[in-house]
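First up is the structure itself, then whatever we jot down about it.
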Amino acid sequence: MAVYTDISEEELAAYLKGYAIGETLSYKGIAEGSENSNFLLHTTGGVFILTLYEKRVERAELPFFLGLMQHLAQKGINCPLPVARSDGELIGELAGRPAAIITFLEGVWMRRPTATHCREVGRALAGMHVAGADFSMHRPNRLSVAGWKELWERARPMADSYEPGLVAEIDAEFAAFEKGWPVDLPTGVIHADLFPDNVFFLGNSLSGLIDFYFACNDLFAYDLATCINAWCFEKDHSFNQTKARALLAGYQSVRPLEEAERRALPLLARGSALRFMLTRLYDWLTIPDGALVQKRDPMEFIRRLRFHRHIATAAEYGLKDA
Ligand SMILES: Nc1ncnc2c1ncn2[C@@H]1O[C@H](COP(=O)(O)OP(=O)(O)OP(=O)(O)O)[C@@H](O)[C@H]1O
Ligand SMILES: N[C@@H](CCO)C(=O)O
C-alpha cells in the first residue's frame, strides 16, 4: 500500500480552495504504488489523482517531473496533465508534504502482459524518447552507478544476512560497472521506471504512461534495458524471448537503435537489474515489518542480474539486425 501520509476532510477542503476544480465529492487512498501517497479524488470539476510526495522525491525536483508531464502531454503522449493552482503554481503543500493534483487516466495495468502489450510498450517508450528531445529542463539520474554505490554502501553490511554471498557478488558487479559503463550513447529524457504498473491499457491498446518520478536525462538504451527487465520475465523468473523481441521491435519501429546501443544492451540490462535490486534490498532491510508499505522482493532482480551476466550479445534478447 502506499498511503504514508493520511489527510483529513478538513485538510483536503482547505487545500482545494487553492484550485479551481470545485468541491470534494469523495476521496480515497490508493493502495498500489510504493513511493508516494496517492489519493483518487472526485470533485465537482472531475476525477483527479492527488499525490503527496514522500521520501525519494525531492521538492526541488518536482518542477522537472511535472513540467515533463506537461511537455509530453502537449506532444501527444498520453500521460497525466498536472492541474495548475489558482495562483499558477503546480505544487502546493498538504499535511506537511509537497503535493500536486494531476488528471486521471483511464485504463488498467496488465498483470499478465502479452507480447502484444510488450510491442506497444516499446513503441510508447521510443515515442516518449523522441517527444522529450526538446524538453528544456535537465535532471541527472541519481540512480545510476554513483547512486547505486551509495545505496549499496548502506545495504552492504546487512546484505549477506539476506542472501549469503551477496556482498562478494555485488562488489564484483561494481568493479565491472565502474570499468565498463557506457557514457557515449544517445541520451535524452528517460522514464527510468516503466514497469507494468506504470502503463495503462484499454484492451490491447496502450492508453497512457504514469509515474514520471524517476524520469531523468540518461541513456535511451538504459530505459529500454529496464523495460526488458520489467516486462520480459515470467513469474517463474524465466526469460521470455518472444516478449523481448516484440518490445525491441516496437521500440525500433519508432527509434532504431544505433550499433553501439545494441552492443551495450546486455551490460545496461545487468546494470538496470542491479538498480532495482538495490532499491528493493534497501527497503527490504530498512522498512520495519508490519509497516503499511508493500515491500518488493529483491531476489527477482538478483536472478535477472545473474541472467544478463551470461548474455553475450543483444541477439540473445531477440534483437533483430537493423
Ligand atoms: N494519472 C493517473 N490516473 C489514474 N490512476 C493513477 C494515476 N496516477 C496514479 N494512479 C494510480 O495510483 C497508483 C500508484 O501511482 P504511482 O505508480 O504513481 O505511485 P508510486 O507510489 O510512485 O508507485 P511506484 O511504486 O510504481 O513508483 C497507480 O497504480 C494507479 O492505480
Ligand atoms: N518499479 C520499482 C518500484 C518503484 O521504483 C520496482 O519494481 O522495484
Side-chain angles (χ1 to χ4, degrees), residues 1-5 21 27-42 46-58 61-62 65-66 68-70 72-73 77-83 90 97-111 113 121 141-143 147-148 151 155 190-202 206-216 223 225-233 235 272-284 287 291-305:
M1 115 126 191
V3 178
Y4 296 90
T5 307
I21 56 170
Y27 74 102
K28 64 171 188 206
I30 299 178
E32 285 184 68
S34 58
E35 298 291 339
N36 300 309
S37 300
N38 290 297
F39 298 84
L40 179 64
L41 173 65
H42 286 252
V47 187
F48 304 93
I49 298 287
L50 165 67
T51 302
L52 307 191
Y53 298 97
E54 306 284 350
K55 60 178 179 175
R56 283 205 186 101
V57 180
E58 288 185 27
E61 297 193 320
L62 286 174
F65 305 131
L66 297 169
L68 177 62
M69 287 189 240
Q70 261 182 335
L72 294 175
I77 303 287
N78 284 330
C79 68
L81 188 62
V83 178
L90 297 180
R97 298 274 185 283
I101 293 177
I102 61 176
T103 53
F104 179 82
L105 282 190
E106 297 292 345
V108 290
W109 69 268
M110 290 293 135
R111 270 70 180 170
V121 170
N141 188 357
R142 298 193 197 296
L143 284 176
W148 306 341
L151 268 178
I190 68 166
H191 184 286
D193 192 26
L194 202 60
F195 277 59
D197 58 351
N198 290 330
V199 181
F200 289 173
F201 286 87
L202 287 167
L206 195 153
S207 60
L209 309 179
I210 64 163
D211 197 0
F212 288 81
Y213 301 113
F214 287 105
C216 56
D223 221 10
T226 290
C227 286
I228 293 176
N229 281 324
W231 290 85
C232 306
F233 287 81
K235 296 256 179 295
S272 160
L274 179 69
R275 173 258 181 265
F276 289 98
M277 191 285 276
L278 285 171
T279 43
R280 287 177 173 208
L281 181 68
Y282 182 75
D283 288 352
W284 194 272
I287 295 177
L292 290 175
V293 177
Q294 179 197 357
K295 292 209 259 183
R296 299 179 203 242
D297 186 3
M299 201 59 211
E300 283 180 20
F301 282 82
I302 297 175
R303 288 171 184 269
R304 287 178 182 41
L305 179 62

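Atoms considered below: every heavy atom in the structure, side chains included; atoms not considered: hydrogens, waters and symmetry mates. Order of listing sets the numbers, starting from 1, for every ligand and every atom in it. Since this is a predicted model, take the numbers as computed values, not measurements.
Partners of R280 by salt bridge (charged side-chain N to carboxylate O under 4.0 Å, His left out), not counting sequence neighbours, listed by chain and number: E300. Shown here are the salt bridge (charged side-chain N to carboxylate O under 4.0 Å, His left out) partners of E61, two or more places apart in sequence or in another chain: R139, R142.
At distances below 3.5 Å, not a single donor-acceptor pair connects side-chain atoms of T226 with backbone N or O atoms of S272.
Residues N198 and H191 meet the side-chain proximity criterion, which asks for heavy atoms closer than 4.5 Å.
Protein residues with a heavy atom closer than 4.0 Å to ligand 2 are E35, D193, F195, F214, F276, R280, R296, listed by chain and number. Using a 4.0 Å heavy-atom criterion, the residues that approach ligand 1 are I30, E32, G33, S34, E35, N36, N38, I49, P80, I102, T103, F104, L105, D193, D197, N198, F200, I210, D211, R296.
Of the candidates L105, V121, L194, N78, L209 forms a side-chain contact (heavy atoms from CB on, under 4.5 Å) with just one, namely L194.
Residues A100 and Y53 share a closest heavy-atom pair of CB-OH, 3.5 Å. In this structure, A73 and C79 approach most closely via the heavy-atom pair N-SG, 3.8 Å.
In this structure, D211 CG and T51 OG1 are separated by 8.5 Å, a value rounded to the nearest 0.5 Å.
The existence of a salt bridge linking D197 and R296 is confirmed by a sub-4.0 Å separation between a basic side-chain nitrogen and an acidic carboxylate oxygen.
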